[in-house]
Every structure is written in C-alpha cells, then in structure tokens.
Undergrad: 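Sharing a structure here in structure tokens format.
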There are 2 protein chains.
Amino acid sequence: MFGNVTTAADYEQMLRGADLRVTRPRVAVLGAVHGLPHADTDAIIGAVRAEEGDVSHQAVYDVLRALTAVGLVRRIQPSGSVARYEARVGDNHHHVVCRTCGAIADVDCAVGEVPCLTAADDHGFVIDEAEVIYWGSCPDCSTARP
Amino acid sequence: MFGNVTTAADYEQMLRGADLRVTRPRVAVLGAVHGLPHADTDAIIGAVRAEEGDVSHQAVYDVLRALTAVGLVRRIQPSGSVARYEARVGDNHHHVVCRTCGAIADVDCAVGEVPCLTAADDHGFVIDEAEVIYWGSCPDCSTARP
DNA sequence: CGATAAACTTGACTCATTCAAGAAAGCGAG
DNA sequence: CTCGCTTTCTTGAATGAGTCAAGTTTATCG
C-alpha cells in the first residue's frame, strides 16, 4: 500500500492472470476503477474516454461485466443508486452510504473477517456472502443539517 | 401472531396513525404488501387491481412511496433486482437472496438486535441503520444444481 | 503470417420509475 | 351536512440505466 503505483503493465498482468484478453478498453476501465473508487458507469466511461479517446458505452458495460465475473472488480448498488464499481476485492469490507448525497466510504466490519455470515435461521439457503451496507449521513451532510 | 387476521379496518387504523388519508388504493396496497412479502411493484399492482379494480400504476408507486416514508412498509432492493416491499418493519431483520432465482427470505441477525452497527472506522459518518444481505442459493436452486 | 474466436462499434430497444397537468375525493371547518 | 382546501388519483408522456443484436475489428495461438 506504500509507494504502490499501479501501471498499465500491472493491469495487463491482472487481465492475463484472469485469462482475459488484453485490450485498450479493458486496461483503461481497470485503471479507471482503481483510480475512482465507487464510481458509477458514467464516470468510468468519462475516465476511459479521457485516456483512450472514443470507447463505446457498450464496451465499458461489457468490460465491467467481464471484470466483475472474474473478480477483478466488485459491483455494488445501494438502493436507489445506479451500479458502482470498486477495485478493492477479496478482503471482506463493507460500505457506509450517505442517505443525503449518496457518498460511499469503505469500512471494515467490526465483527471480524466474515461478519454475520451465519444467519440465525438460513431457511435452507446456502449462504456464500454477507453484504453489509451502513446507512447514515456523511460528515458534510450531517454538519450542514444538524 | 396467532389468529391474527388483519382486516381493512386495521389498515385504516395504521394509515390514520401515520397521518395519512385513508383511500381505497392505500388500503389495498397495504393489504397486498402484508399478503405478499417481498413482492415487487408489478405484483403489488396486480394484487391491488384484483381487489379494487382499476388503479393506476402511478397511484401504486405514490402509495408505496408514502407508506415507505412513514415507515409502514420497508423497501428493499438487492443488486440487480427491482424494488420490493415488505410489511415487517421495526424489528431489525435482514434478508437472504438467491443468486439464481432471486427468492428472498427473512433472517434475524445472529449477532443481536443491532448487528454490526458500530463500524470499525465510520469515516465520520453518522450511521443510523445497518442493512445486511446474505447472498447464496435457495433450497430449490441449490439442489437443482449441486 | 493467417485463422478464429473474442471483443468492440453502432444503433435500436426495453422497462422500471418519474414527471406533469388536470380530475377526483378525503376531511376538517362551519 | 356540505363547502372548500388540499391531497391523492388518473392519464399519458418522458427519462435513463442497462441490454440486445448484427456486423466489423482485433488479440492470441499455431
């Protein structure tokens, strides 16, 4: 986490490691998600075009789906929000979402590595993930309206 | 919970208690949400029309928003799903969602009344609710594809 | 260097949800 | 009981994130 400058070459590595072909849109999307945590698709499209020129929105949708499928990015979508993406994967962290402005921040769960994963009564479901969303007000919004 | 038959009169009471005008669409929507837990808007529209005849979809959307605002129903919307509603409110329960068929079931959190409400680092957010979604396979889907 | 399957472009389309303007109806005051 | 104000409902159009589909380009392997 210190002095960790991720380059296009690193993104290529990640893609190859996931058996995905290396294309300019994919490298650019992966870079955008790393650079803009919790960005929505529109913001990612903007970032990708700023770096690579014209890339179709469909390509970005396809790439995001492919990256999500192999686990290189994670898709999150709090109620009332469009889909957002982040590059921090595999570390079981959760999110705080501001009810007012929609801002999102990462939080590590207080209860350990795999929080609440054992439900009291799972109704026969086979559970593989527990997703936690904390709802509240971000610092800006809670001071603006105390 | 035993022999508890909720009638239109009860729904009226709930509406008045929440300072909402009592209208036929509102009583019908409240009844539909009580009768069809986790139903989406379309299913609720269907149930309302079966009981009350023509009711515009807009009216149902408006009613659901009003009921949600006063806390008579709760809106849930797992990633990739349309909005769903339930009448069980105020008891801090959570949900298991089937990744395959989208089925939803209620679960009480294993960690007590207000699970995980204290995040390790809340980034200055004022947290008022923790929403937990357990992802997995429902009994039908997990036996169909073991 | 091809061949071939995967990825991208273009453009149309879906559909849950919202917006807007006018008609209807609940409900408190008189 | 009914008047009038305000909320709620109806009708119909619009929005917008996301998907579908057909055809072209391109990454990768032999």
Side-chain angles (χ1 to χ4, degrees), chain A residues 8-9 11-30 32-33 38-49 51-70 72-73 75-85 102, chain B residues 8-9 11-30 32-33 38-49 51-70 72-73 75-85 102:
Chain A
Y11 297 135
E12 280 195 37
Q13 286 294 327
M14 296 181 198
L15 291 169
R16 291 189 202 285
D19 276 311
L20 290 178
R21 290 188 181 177
V22 176
T23 67
R24 292 163 69 67
R26 282 181 174 172
V27 173
V29 167
L30 200 44
V33 175
H38 313 134
D40 60 23
T41 310
D42 230 49
I44 293 167
I45 291 174
V48 166
R49 288 185 177 157
E51 186 179 317
E52 286 294 330
D54 285 342
V55 175
S56 67
H57 72 132
Q58 186 59 54
V60 175
Y61 275 100
D62 287 348
V63 169
L64 286 170
R65 171 150 2 132
L67 296 180
T68 303
V70 300
L72 281 179
V73 308
R75 175 189 168 123
I76 56 180
Q77 188 175 22
S79 288
S81 167
V82 298
R84 293 165 176 275
Y85 296 87
Chain B
Y11 298 135
E12 281 195 35
Q13 286 293 328
M14 296 182 197
L15 290 169
R16 292 190 200 284
D19 276 310
L20 290 178
R21 289 188 181 175
V22 176
T23 67
R24 292 164 71 67
R26 282 181 175 171
V27 173
V29 167
L30 200 45
V33 175
H38 312 134
D40 60 23
T41 309
D42 229 49
I44 293 168
I45 291 174
V48 166
R49 288 186 177 157
E51 186 179 316
E52 285 294 330
D54 285 341
V55 175
S56 68
H57 71 130
Q58 186 61 53
V60 175
Y61 275 99
D62 288 348
V63 170
L64 286 171
R65 170 150 2 134
L67 296 180
T68 303
V70 300
L72 281 178
V73 307
R75 175 188 169 125
I76 56 181
Q77 187 175 23
S79 289
S81 168
V82 298
R84 292 164 176 276
Y85 297 87

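Order of the sequence lines fixes the chain letters, A, B, ..., with proteins taken first and strands second; residue numbering starts at 1 for each chain. Just so we're clear, the structure is a prediction, and the values are computed from it rather than from any experiment.
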Undergrad: Sequence neighbours excluded, which residues qualify as salt bridge (Lys or Arg N to Asp or Glu O under 4.0 Å) partners of B/R24?
TA: B/E52
Undergrad: Would you sort out whether A/V73 and A/V29 count as a side chain to side chain contact (heavy atoms under 4.5 Å, CB included), showing the intermediate values?
TA: CA-CA 10 Å; A/V73 308; A/V29 167; over 6 Å; no
Undergrad: From CD1 of A/I45 over to C1' of C/dC8, roughly how many Å is that when rounded to an integer?
TA: 14 Å
Undergrad: Over its full length, what angle do the end axes of the helix from C/dC1-D/dG30 to C/dG30-D/dC1 make, each axis taken from five pairs and the result rounded to 10 degrees?
TA: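 About 40°, once rounded to a multiple of 10°.
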Undergrad: Under the side chain to side chain contact (heavy atoms under 4.5 Å, CB included) rule, collect the residues that match up with A/E12, sequence neighbours excluded.
TA: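 If we apply the side chain to side chain contact (heavy atoms under 4.5 Å, CB included) test to A/E12, skipping adjacent residues, the hits are A/R16, A/V22, A/V27.
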Undergrad: Could you state the atom-to-atom distance from CG of B/D42 to P of C/dT14 in whole Å?
TA: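 Distance, rounded to whole Å: 16 Å.
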Undergrad: How long is the span from the CG atom in B/L67 to the CZ atom in B/R75, to the nearest 0.5 Å?
TA: 13.0 Å
Undergrad: Taking only the side-chain nitrogens and oxygens of B/T41, find out if one of them lies under 4.0 Å from OP1 or OP2 of C/dT17.
TA: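 The answer is yes; a side-chain N or O of B/T41 sits under 4.0 Å from OP1 or OP2.
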Undergrad: With distance as the sole test, does B/R49 use its side chain to make a donor-acceptor pair with the main-chain N or O of B/V55 at under 3.5 Å?
TA: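 Yes, the answer is positive, given that a donor and an acceptor are paired below the 3.5 Å cut-off.
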Undergrad: Got a list of protein N/O to nucleotides 3-6 of chain C N/O distances below 3.5 Å?
TA:
| residue | atom | partner | partner atom | Å |
| --- | --- | --- | --- | --- |
| C/dA6 | O4' | A/R21 | NH1 | 3.3 |
| C/dA6 | O4' | A/R21 | NH2 | 3.1 |

Undergrad: Give the intermediate values and the outcome of side chain to side chain contact (heavy atoms under 4.5 Å, CB included) for residues A/L64 and A/V33.
TA: CA-CA 9 Å; A/L64 286 170; A/V33 175; 4.1 Å; yes
Undergrad: Enumerate the residues from residues 53-70 of chain B whose closest heavy atom to DNA chain C is under 4.0 Å, giving them by residue number; use none for an empty result.
TA: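 Result for residues 53-70 of chain B: B/H57, B/Q58, B/Y61, B/R65, sorted by number.
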Undergrad: For the residue pair B/V70 and B/A18, what are the closest heavy atoms and their distance?
TA: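 Closest approach of B/V70 to B/A18: CG2-CB, 3.9 Å.
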Undergrad: Provide, to the nearest angstrom, the distance between the CD atom belonging to A/Q77 and the P atom belonging to C/dT17.
TA: 11 Å
Undergrad: Nucleotide range of DNA chain D contacted by chain B, 5' to 3', under 4.0 Å to a heavy atom?
TA: D/dT6 to D/dG12
Undergrad: Should A/L72 and A/L15 be marked as a side chain to side chain contact (heavy atoms under 4.5 Å, CB included) after you check the CA-CA gap, both sets of side-chain angles, and the distance that decides it?
TA: CA-CA 8 Å; A/L72 281 179; A/L15 291 169; 4.2 Å; yes
Undergrad: So A/I76 and A/Y85, side chain to side chain contact (heavy atoms under 4.5 Å, CB included) or not? Walk me through it.
TA: CA-CA 6 Å; A/I76 56 180; A/Y85 296 87; over 6 Å; no
Undergrad: Distance check, rounded to the nearest 0.5 Å: B/H57 atom NE2 versus B/I44 atom CD1?
TA: 14.5 Å
Undergrad: Looking at every non-hydrogen atom in both residues, tell me the closest pair between B/A66 and B/L20 and how far apart they are.
TA: O-CD1, 4.4 Å
Undergrad: Given that B/V82 and B/R16 both sit by DNA chain C, which one's nearest nucleotide is further toward the 5' end?
TA: B/V82
Undergrad: Taking B/S81 for its side chain and B/Q77 for its backbone only, find out whether a donor-acceptor pair lies under 3.5 Å.
TA: no
